[in-house]
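One structure is given below, encoded as structure tokens.
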Protein chains: 2
Amino acid sequence: MHPLAPALPACKTTHRAVYDTLEVVSGKWKLVILAVLLERPYRFKELSREIGISPRVLSKELQELEQHQLVTRTVCDTRPITVEYAATPYSQTLHSVVAAMREWGLTHHQTIVGQPRPDTVPLAQPVAKP
Amino acid sequence: MHPLAPALPACKTTHRAVYDTLEVVSGKWKLVILAVLLERPYRFKELSREIGISPRVLSKELQELEQHQLVTRTVCDTRPITVEYAATPYSQTLHSVVAAMREWGLTHHQTIVGQPRPDTVPLAQPVAKP
DNA sequence: CATACCAGTTACCAGTAGGATACCACCCGC
DNA sequence: GCGGGTGGTATCCTACTGGTAACTGGTATG
């Protein structure tokens with residue numbers, strides 16, 4: 001499996017590895033953001049609207065992801081200047097994690113609710129609060 | 001992929017599914033506990049010592065996992081009574097998530113630190129506090 | 001009887017994650 | 001100048017996460 005990994009006292013190795021991963025992608029949003037960015041690059045506000053996260057929090061999350069080399073931030077020389085966030089090659093290594101969570105979330109939702117999410121519906125934004 | 005899944009407006013579907021998953025396994029410990037329990041059943045204190053989590057928090061996490069049908073709690077009729085926690089068949093469906101995080105954690109640690117974790121060392125418990 | 005282990009529970013408390021809201025600077029079209 | 005788009009920051013605040021410590025109640029061991 002991992003050539004450098006030693007005798008593998010399974011439990012210790014496993015739980016520490018999972019713990020290490022969680023330290024990087026902890027919190028309510030990091031994996032969600034990553035999941036979205038792994039599909040295609042997004043701009044800031046676009047991302048904010050897409051997943052429904054306030055700019056303050058999004059900004060913080062993106063900075064942390066950038067520090068961990070999981071996303072890149074590129075300023076595009078357009079008028080209105082736009083900023084594009086994209087998943088890095090390194091974050092591709094998280095793809096299996098995200099994919100697994102995606103699959104599980106889909107089937108779990110059906111297990112609980114008994115029907116798939118109404119994804120294709122016009123999906124009125126949570127309501128733009130009158 | 002999922003027969004019931006419709007036209008798949010990829011982004012929405014993905015981020016919601018990941019979000020759903022995170023609602024179940026959020027927090028610092030749930031996935032760690034699950035990772036360990038997926039290897040074999042554990043008793044309460046055993047688990048507590050293994051991953052270094054206080055009884056209060058462990059108790060709460062286990063209850064939540066139980067509510068989500070991800071672990072079972074069985075009281076064993078031994079003297080000192082022991083309680084065994086085990087992963088349910090349903091939690092097996094999370095195995096790919098845990099496995100992916102395990103793998104990522106292992107390689108990530110090497111990427112950052114440059115060497116694998118010293119797993120096999122005697123691994124003095126965080127120090128049993130005198 | 002004292003001590004120790006089991007599986008928790010309760011009380012207390014600090015740090016923070018994350019939400020709401022407002023605001024800034026920049027550029028465009030009108 | 002005004003309104004609307006961009007990408008954020010600043011401020012404030014609350015609820016929750018999670019840690020420590022102490023305590024219960026049962027059984028076993030010295």
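All values derive from a computational prediction rather than experimental measurement. Throughout, protein chains are lettered first and strands after them, A, B, ... in sequence-line order, and every chain is numbered starting at 1. Atom set for the values below is all heavy atoms of this structure, side chains included, hydrogens, waters and symmetry mates excluded.
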- Query: Should B:R49 be listed as having a side-chain N or O under 4.0 Å from OP1 or OP2 of C:dC6?
  - Reply: yes
- How many Å lie between CD on B:E84 and P on C:dA7, as a whole number? 10 Å
- Query: Got a sec: does the CD1 of A:I81 have more than 12 other heavy atoms crowding it under 6.0 Å?
  - Reply: no
- Ignoring the backbone of B:P80, work out which of D:dT6, D:dG8, D:dA28 is nearest its side chain. D:dA28
- Task: Could you tell me whether B:Q69 atom CD has more than 12 heavy atoms of other residues or ligands within 6.0 Å of it?
- Result: no
- Message: Give the residues of residues 54-72 of chain B touching DNA chain C, defined as any heavy atom closer than 4.0 Å, sorted by residue number.
- Response: B:P55, B:R56, B:S59, B:Q63
- Item | Min side-chain heavy-atom separation A:V83-A:R73 under 4.5 Å | yes
- Query: What closest approach, in Å, do B:A17 and A:R102 show between heavy atoms, and which atom pair accounts for it?
  - Reply: CB-O, 3.4 Å
- Between C:dA7 (C1') and B:L47 (CG): distance, integer Å: 12 Å
- Of the residues in residues 20-31 of chain B, which ones touch DNA chain D at a heavy-atom distance under 4.0 Å? B:G27, B:K28, B:W29
- For the pair A:I53 and A:L47, evaluate side-chain contact (heavy atoms from CB on, under 4.5 Å) and give the outcome as yes or no after the intermediate values. CA-CA 8 Å; A:I53 179 178; A:L47 200 46; over 6 Å; no
- Query: Of the nucleotides C:dC27, D:dT6, D:dG8, which has the atom closest to the A:R79 side chain?
  - Reply: C:dC27
- Evaluation steps, side-chain contact (heavy atoms from CB on, under 4.5 Å), between B:K28 and A:L22: CA-CA 7 Å; B:K28 194 172 172 181; A:L22 285 174; over 6 Å; no
- Message: Can you confirm whether B:H68 is buried at NE2, in the sense that more than 12 heavy atoms of other residues, nucleotides or ligands lie under 6.0 Å from that atom?
- Response: yes
- Query: Using a cut-off of less than 4.0 Å, is there contact between a side-chain N or O of A:Y85 and OP1 or OP2 of D:dG8?
  - Reply: yes
